[in-house]
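Keep in mind it's a predicted model, so treat the numbers as computed, not measured.
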Amino acid sequence: MSIERVALWSAVAVGVTRAATGLWFAAAPRRPSSTWVGRDDPSTRTLVRGIGGRDLAIGAGTLAAVARGSSVVPWIAASVAADLTDAAAGAASLSGEHRTKTLAYAGGFAALGAGALAVAVAAGS
């Protein structure tokens, strides 16, 4: 498989995953609020909905770039930056299992996104 094809499918995977997660967080924030942050209240749901909107926009932008055949690099870079920011915020603000979950989730997605970003840059996407 060519590096261009790997870059294309990596970008699609990042876009779909990010958009789907964003839609979930924006539309139904109770579960992510309680599981990820550790509490489910109006303030936390507002924050989770905002993160959902951000993720939906980044995912949709990534998929639109793929559909247009334009560069996905800025979109995947934004995805990685969002995940790193979430990981840093969680490390600074949360404790116990919620800190661990945030670092695993956000850090894991940042690592996968960094891989997709490296492939996109190498392919000239």
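Side-chain contact between Arg45 and Asp40 is present, with at least one heavy-atom pair separated by less than 4.5 Å.
One distance of note links CG of Asp55 with OG1 of Thr21; it measures 6.5 Å at 0.5 Å rounding.
Cluster membership check: Leu103 does not share its hydrophobic cluster with Leu84, using side-chain heavy-atom separations under 4.5 Å among Ile, Leu, Val, Met, Phe, Trp and Tyr. Val121 and Val72 end up in the same hydrophobic cluster when Ile, Leu, Val, Met, Phe, Trp and Tyr side chains are linked at under 4.5 Å. Criterion: ILVMFWY side-chain heavy atoms under 4.5 Å apart, direct or through other members. Under it, Val80 and Ile58 are not part of a common hydrophobic cluster. Cluster membership check: Leu8 shares its hydrophobic cluster with Leu63, using side-chain heavy-atom separations under 4.5 Å among Ile, Leu, Val, Met, Phe, Trp and Tyr.
Pairs of residues two or more places apart, or lying in two chains, that qualify as ring-ring contact (aromatic ring centres under 6.0 Å, His included) and include a residue from residues 7-26 are Phe25-Trp36. The salt bridge (Lys or Arg N to Asp or Glu O under 4.0 Å) pairs that include a residue from residues 109-125 number zero, where partners must be two or more places apart or lie in different chains. Pairs passing the salt bridge (Lys or Arg N to Asp or Glu O under 4.0 Å) check and including a residue from residues 80-90, sequence neighbours excluded, read Arg18-Asp83, Arg54-Asp86. Listed by first then second residue, pairs satisfying ring-ring contact (aromatic ring centres under 6.0 Å, His included) with a partner in residues 106-125 read Tyr105-Phe109, not counting sequence neighbours.
Checked against salt bridge (Lys or Arg N to Asp or Glu O under 4.0 Å), Arg99 has no partners two or more places apart in sequence or in another chain. Asp41 meets the salt bridge (Lys or Arg N to Asp or Glu O under 4.0 Å) test with Arg39; sequence neighbours excluded. Listed by chain and number, the residues in a side-chain contact (heavy atoms from CB on, under 4.5 Å) with Ser71 are Val73, Pro74 (sequence neighbours excluded). By the side chain to side chain donor-acceptor pair (under 3.5 Å) test, Thr35 pairs with Arg31, sequence neighbours left out. For the side-chain contact (heavy atoms from CB on, under 4.5 Å) test, no residue two or more places apart in sequence or in another chain qualifies with Thr85.
Shortest non-hydrogen contact noted between Leu94 and Val37 is CD2-O, 3.7 Å.
Under a 4.5 Å side-chain heavy-atom cut-off, the cluster of Ile, Leu, Val, Met, Phe, Trp and Tyr residues that includes Ile3 is completed by Met1, Val6, Val119. Here Trp75 is tied to no hydrophobic group at all, with no ILVMFWY side chain closer than 4.5 Å.
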With a 3.5 Å cut-off and sequence neighbours excluded, list the donor-acceptor pairs that the side chains of residues 46-53 form with protein atoms.
{"unit_1": "Thr46", "atom_1": "OG1", "unit_2": "Pro42", "atom_2": "O", "d": "2.8"}
{"unit_1": "Arg49", "atom_1": "NE", "unit_2": "Ala26", "atom_2": "O", "d": "3.3"}

